[in-house]
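A short worksheet on the structure shown next.
In listed order, ligands and their atoms are each counted from 1.
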Amino acid sequence: MIHKLIIIGSGPAGYTAALYAARANLKPLMIDGGVGKGQEMLGAGGQLTITTEVENYPGFEHGIQGPELMRTMRKQVLRFGTEIVEDIVTKVDLSERPFKVWVGDDLYHARVIIVATGASAKWIGLPEERPVWEGGLGGAGISACATCDGFFFKGKEIGVVGGGDTAMEEAVYLTNHASKVYLIHRRDTLRASKIMQERAFKNPKIEFIWNAAVERVHDPADKRVSGVTLRDTVTGLARELPLQGLFVAIGHKPNTDLFTGQLNLDENGYLLTNHNVRTSRYGVFACGDVQDHEYRQAITAAGSGCMAAIQAERLLEAEGDTDILETPTHW
Ligand code: NAP
């Protein structure tokens, strides 16, 4: 059997693509990434399943819990007839249509594919971070998303780890909420662009702590952070820093390993797209964080999922009910 459309991934981008595709009668098959949950694999629902309160997704006056939002999206796509395989894709062959998608030994064929595999925040690797990516303690003290969780730290002293543009951006943004932001970086020079560095240097609420690695966080298991142990990366000396929140801003990793060598990626591994959602391969669309390192919001992911489904529908409609599947090199 050849599916008209397979959607890989089940964050806001994947679910929105499924919603539009199912309502357009494309009978989408979604492979939701639902096993292998852990630091690298977020499981079904993606990054929102490891956050708590989501207050910036329109339509929820009083906010909604991230996992609840994703459960609701899932129910909505099931209602319109999306078929969901609760597993991870292990291999794809996009060299010709119909495309091949493997889940272990099971092989699926598709005329069109929408990639919505998202991105994962990088973590330092401390045991105290584990409860965050395992079960959603976003508001409890450790977070990897300032836009999502900054609001919970009004008037508090917090730390941001990292020395790149993300860390500068998050630190500056967090000064809107926090009374003080310590920017903790493992070296004494920043990787961030000059303009972002200057913005952070100029901000009176930001204090830089150089040559420092976070060794321990006290103690997010109690659903709060009271401080961190820092290790000087030059002298080796340890010191305690009282804090009420810690933001890890050391980058994101797009989940594109499956597509390396088959689709064009940028230098950071994100899928390159044009016309918003078209990848380098005719018939393969990409939406959400896997192709967006700039906005990375649930609502922008959902918007691009909608675009991918509409473009997929137009492609299939234009092709009609044929067995001859073309793969032009330009589109
Ligand atoms: P990045 O440039 O790779 O920087 C990551 C930072 O985290 C580096 O300073 C790195 O330290 C530090 N780091 C990495 N692993 C660490 C660890 N285990 N423990 C402690 N520190 C660690 O990542 P990014 O800041 O997310 O930026 C990614 C890309 O997006 C860049 O091209 C950036 O320009 C772009 N971006 C642009 C904007 C903007 O223009 N508004 C905003 C965000 C991101 P070292 O420096 O020692 O390696």
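- In this structure, Leu190 CG and Arg187 CZ are separated by 8.0 Å, a value rounded to the nearest 0.5 Å.
- With Val161, Leu126, Asp165 as candidates, the residue nearest to atom 36 (N) of ligand 1 on a non-hydrogen basis is Asp165.
- Close approach of ligand 1 to Gly251 is summarised as follows: ligand atoms under 4.0 Å from at least one heavy atom of the residue are 23 (O), 26 (O).
- The structure places CG of Leu5 at 9.0 Å from CZ of Phe285, a figure rounded to the nearest 0.5 Å.
- The nearest heavy-atom contact from the protein to atom 39 (C) of ligand 1 is Glu169 OE2, 3.9 Å.
- Using a 4.0 Å cutoff on heavy atoms, Met168 does not count as a contact of ligand 1.
- With respect to Glu86 and Arg74, a salt bridge is recorded, a charged nitrogen being found less than 4.0 Å from a carboxylate O.
- Looking only at atom types and distance, the side chain of Ser120 has a donor-acceptor partner in the side chain of Asn255 under 3.5 Å away.
- A donor-acceptor distance shorter than 3.5 angstrom exists from the side chain of Gln47 to the backbone of Ala119, with no hydrogens or angles considered.
- Taking the six-membered ring for Trp and thresholds of 30 and 60 degrees, His185 and Trp210 have ring planes more than 60 degrees apart, a perpendicular arrangement.
- When non-hydrogen atoms are compared, ligand 1 lies under 4.0 Å from the side chain of Asn268 (C-beta onward) but not from its backbone.
- When non-hydrogen atoms are compared, ligand 1 lies under 4.0 Å from neither the backbone nor the side chain of Glu294.
- Judged purely by atom type and a 3.5 angstrom limit, Asn211 uses its side chain to pair as donor or acceptor with the backbone of Asp188.
- Given atom 20 (C) of ligand 1, the protein heavy atom at minimum distance is Arg186 CD, 3.8 Å.
- With 3.5 Å as the limit, one finds no donor-acceptor pair spanning the side chains of Glu83 and His3.
- Protein heavy atom nearest atom 30 (O) of ligand 1, with residue, atom name and distance: His293 ND1, 4.4 Å.
- For Arg296, no nitrogen or oxygen atom sits less than 3.5 Å from a nitrogen or oxygen atom of ligand 1, counting backbone and side chain alike.
- Of the candidates Glu170, Arg191, Arg187, the one placing a heavy atom closest to atom 8 (C) of ligand 1 is Arg191.
- Close contacts of ligand 1 with Gly163, meaning ligand atoms under 4.0 Å from a residue heavy atom, involve 6 (C), 7 (O), 8 (C), 9 (O).
- Protein heavy atoms are absent from the space less than 4.0 angstrom from atom 28 (C) of ligand 1.
- The residues Glu68 and Arg71 are annotated as salt-bridged, a charged nitrogen and a carboxylate oxygen being separated by less than 4.0 angstrom.
- In the candidate list Asp266, Thr166, Val248, Ile250, Ile250 is nearest to atom 18 (N) of ligand 1, counting heavy atoms.
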